[in-house]
Undergrad: 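Would you mind keeping the following structure in view while I ask a few things?
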Amino acid sequence: MDLNTPASELHLVGPAFVKRIKKLEIETVRDLIAYFPFRYDDYSLVSAISRVQPGETLTIRGQLLSIKNEYTRLGKKIQKAEIADNSGKMEITWFNQPFLVKTLKTGEWYQFSGKADWFGRKIVLISPENEKIPHTTYHIPHTLHTGRLVPVYSETYGVSSKWLRARIAFVLPLIKEQLKEFLPFSILVKEKLLPYKEAIWKIHFPENRLAAQKARERLAFDELFLIQLAGLLRKSVWQTKALSRKLTIDQEKIDHFTANLPFELTEAQQRCLGEILRDLAESLPMNRLLQGDVGSGKTVVAAAAMYATYLNGLQSVLMAPTEILAQQHYQTINALLKRYGVKIALQTSTTKQCSNETMRQYNIFIGTHALIQKNVNFQNLGLVVIDEQHRFGVEQRTELVKKATTPHILTMTATPIPRTIALTLYGDLDLSVIDQAPKGRQKVKTWVVPPSKREAAYDWIRKHVKGTDEQAFIICPLIEESETLQSIKAATVEFNKLANNIFPDLRIGLLHGRLKSQEKEKIINEFRAGKLDILVSTPVVEVGIDIPRATIVMIEGADRFGLAQLHQLRGRVGRGERQSFCLLFSENKNIRSAKRLKAMEKLEIGVELAELDLKMRGPGEIYGVRQHGFPSLRLASLSDLSLIERAREAAKSIIDKIDEFSPLQEQLKKYTIQKVQPN
Ligand code: ADP
Ligand code: MG
């Protein structure tokens, strides 16, 4: 047997169980031992029967004198047993477990672990776990389910914690010699970590709380360490690549560009632009993440970088996750750069593909992932900008990067990732943060609206948008992750209701992802030009859309969105200087979800919301960690900053010597899907 042995070959794992544990993502021995408990029941207090106190959780060890089923007055079946040790006798009661009468045998010896309590006038053990032990009171028996710290696993239908525990206990001794240490000795010593084999053993079967905690710490450290090491490695590989051409920054022209904008760049924008321009002038390829809250003005910074690239006679690409956003960028970038002679092409799945000849005539290509799907050949690519990068898988990014001899890469995100976490997840990227809103922006007033006030809310919206130059978004609920037919149908129904019954007097439009591109463009342009009062939309507008005149966003089914997503949606308004509003509707009465929404009323900064979401929903949800192909974090928490720091320091200390540690490289293989291929 080895770690790759299929679970189906294990003793007592028949076809039914194979199917069931597959739901827990257990298919091999390796998966099984990496199925960690989420808590422990502490049954380590073993007591003589005569000393049992009510209220204690404990273990007694003795001989079963009797066991029988009894009926209560209400007709329920309870099980009563009696057990004796040297010090006395006591009763045990279970509820509705009639099979115990068959499995537990009078005269045999058992350990029972559970809680002692009053039952009528007697102290009894209530519904304890049982485990058979040898006929002796002289040796302390070796047990799994009782008399110790007992691991508790998340279960699925037909797979109990007890069953999992027994299987793991069976397998561990057989494969323990294959659990080879992969961390360098120096790190183990410096960080005072348990050896790997011991950690795996003890996370399942710790002798005490401290051992469990040490095991958990070691294995959580591994997760964070490997992610960060993989990131640092990608970075070092990236930096060995030669740029096709080094850029020279024409600062005078850049200054002219910024001076002629309709607004003044914020200090934060200037600082970030400076960082980017400095990178562009290096002979190493840039790989930088530009992070900035919604509406902080990332696009114009990217435009300046593309302009600098243009001034060097090189092409740039700007990739956006949706067609609507690509179209918007096309307009924005045109408005910013056309006057400087920059030629810009829009490339989406619905536009015609340019011939190589035509491609040579353009300086900037803006598009969706069609930019990489179509066999587009860039002639002279200097810079790739990826907007809302969390929407793209790592492979897509890699694909695009492969298109050219190594370009500079600027990725942009509004996903408010706390700095430490950004450095952990994107260890290969340098980070620039626009941590300041443009002048004159006001906080978006946010209210959770109870169903009883729906009508009033509609009237209130009408008052704001009718005959004024203010506009409103109405966002339909998120039905599924992607824009399915179902969610489009729901949006259409909602639209008809609003247009015919509620706002027959207003100009109202519908936007969703399945409209033809021209239609999408037409509707967005009408809305942008103020020819519509209300835009009903599926959550496609979530990312990036910029309509400065819109002041109201009303979100249906708000509880279905994560806080970061709600923040993104809310960010569709408040992009000008006017007071804007966000109305959150939810039919969900669940208290937790109400609390999450209430947080939206108070918190205005994305990072704070993200941290709250992190606590309430876990990292995978917010940062799309799974989507990115990161191995999931089972034990480590992205809110454990000190462990993240330790793992990061450790990864840095080893990065130059990685070749000396082949077991470590073996572990890192799991992380290589994200590696940027050398070109
Ligand atoms: P995001 O960072 O969310 O992508 P955008 O780049 O779309 O934000 O910018 C949001 C809006 O703010 C746009 O209308 C843009 O023209 C405007 N804007 C950007 N920078 C500034 C600034 N320094 N002062 C005023 N308005 C700005
Ligand atoms: Mg944007």
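Order of listing sets the numbers, starting from 1, for every ligand and every atom in it. Computed from a predicted structure; not experimentally measured.
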Undergrad: Can you list the ligand 1 atoms lying under 4.0 Å from a non-hydrogen atom of Pro438?
TA: 21 (C), 22 (C), 24 (N), 25 (C), 26 (N), 27 (C)
Undergrad: Flag yes if more than 12 heavy atoms outside Gln251 fall under 6.0 Å of its CD atom; otherwise flag no.
TA: yes
Undergrad: Would you mind checking if Glu601 and Lys598 are paired as a salt bridge, meaning a charged N to carboxylate O distance below 4.0 Å?
TA: yes
Undergrad: Answer side chain, backbone, both or neither: which part of Leu265 comes under 4.0 Å from ligand 1, heavy atoms only.
TA: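 The answer is the backbone of Leu265.
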Undergrad: Judged by non-hydrogen atoms, does Gly292 sit under 4.0 Å from ligand 1?
TA: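 It does not; every heavy atom stays at 4.0 Å or beyond.
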Undergrad: Looking only at protein heavy atoms, which one is nearest to atom 1 (P) of ligand 1, and what is the separation?
TA: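 Result for atom 1 (P) of ligand 1: Lys298 NZ, 3.4 Å.
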Undergrad: Can you sort out which atoms of ligand 1 are near Thr299, meaning under 4.0 Å from one of its heavy atoms?
TA: 4 (O), 5 (P), 6 (O), 7 (O)
Undergrad: With sequence neighbours left out, which residue pairs that include part of residues 527-537 fulfil the salt bridge (Lys or Arg N to Asp or Glu O under 4.0 Å) condition?
TA: Arg507-Asp533
Undergrad: For atom 16 (O) of ligand 1, what is the closest protein heavy atom, and at what distance to 0.1 Å?
TA: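 Ranking protein heavy atoms by distance from atom 16 (O) of ligand 1, first comes Phe263 CE2, 3.4 Å.
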Undergrad: Main chain of Ser432, side chain of Arg271: is a donor-acceptor contact present, judged purely on distance under 3.5 Å?
TA: no
Undergrad: So which heavy atom on Ile254 is nearest to which on Ala308, and how close?
TA: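 Minimum heavy-atom separation between Ile254 and Ala308: CD1-CB, 3.7 Å.
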Undergrad: Where does Arg441 meet ligand 1, judged by heavy-atom distances below 4.0 Å: at the side chain, the backbone, both, or neither?
TA: side chain
Undergrad: Considering non-hydrogen atoms of the protein only, which is the closest contact for atom 3 (O) of ligand 1, and what is the distance?
TA: Gly295 N, 2.7 Å
Undergrad: Which of parallel (below 30°), tilted (30 to 60°) and perpendicular (above 60°) describes Tyr340 and Tyr307?
TA: tilted
Undergrad: Atom 9 (O) of ligand 1: which protein heavy atom is closest, and how many Å away?
TA: Gly297 CA, 3.6 Å
Undergrad: What protein heavy atom is closest to atom 7 (O) of ligand 1, reported as residue, atom name and distance in Å?
TA: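 Looking only at protein heavy atoms, the one closest to atom 7 (O) of ligand 1 is Arg575 NH2, 2.8 Å.
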Undergrad: Check this for me: does any side-chain nitrogen of one of Asp293 and Arg441 sit under 4.0 Å from a carboxylate oxygen of the other?
TA: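 Between Arg441 and Asp293 there is no salt bridge, as every charged N stays at least 4.0 Å from the carboxylate O atoms.
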Undergrad: Considering the options Val553, Ile474, Leu511, which one meets the side chain to side chain contact (heavy atoms under 4.5 Å, CB included) requirement together with Ser537?
TA: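 In the set Val553, Ile474, Leu511, the residue that makes a side chain to side chain contact (heavy atoms under 4.5 Å, CB included) with Ser537 is Leu511.
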Undergrad: Check ligand 1 against Val294 and write out every atom of the ligand that is under 4.0 Å from a heavy-atom position of the residue.
TA: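 What qualifies from ligand 1 is 3 (O).
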Undergrad: Could you walk me through whether Lys235 and Asn287 satisfy the side-chain contact (heavy atoms from CB on, under 4.5 Å) test, starting with their C-alpha distance in whole Å, then the side-chain angles of each, then the deciding distance to 0.1 Å, before giving a yes or no?
TA: CA-CA 8 Å; Lys235 183 170 193 166; Asn287 198 10; over 6 Å; no
Undergrad: In the protein, what heavy atom is nearest to atom 13 (C) of ligand 1, and what distance, to one decimal place, separates them?
TA: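 Of every protein heavy atom, Asp546 OD2, 3.0 Å lies nearest to atom 13 (C) of ligand 1.
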Undergrad: Could you tell me if any non-hydrogen atom of Lys439 lies under 4.0 Å from any atom of ligand 1?
TA: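 For ligand 1, residue contact (heavy atoms, under 4.0 Å) with Lys439 is absent.
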Undergrad: For ligand 1, which atoms sit closer than 4.0 Å to a heavy atom of Thr266?
TA: 23 (N)
Undergrad: State whether the side chain of Gln328 and the backbone N or O of Asp546 hold a donor-acceptor pair below 3.5 Å, judged by distance alone.
TA: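 Here the side-chain-to-backbone pair exists.
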Undergrad: What is the closest protein heavy atom to atom 20 (N) of ligand 1, and at what distance does it sit?
TA: Gln269 NE2, 3.0 Å
Undergrad: For ligand 1, which atoms, with element, lie under 4.0 Å from some heavy atom of Glu264?
TA: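 In order of numbering, the contacting atoms are 22 (C), 23 (N), 24 (N).
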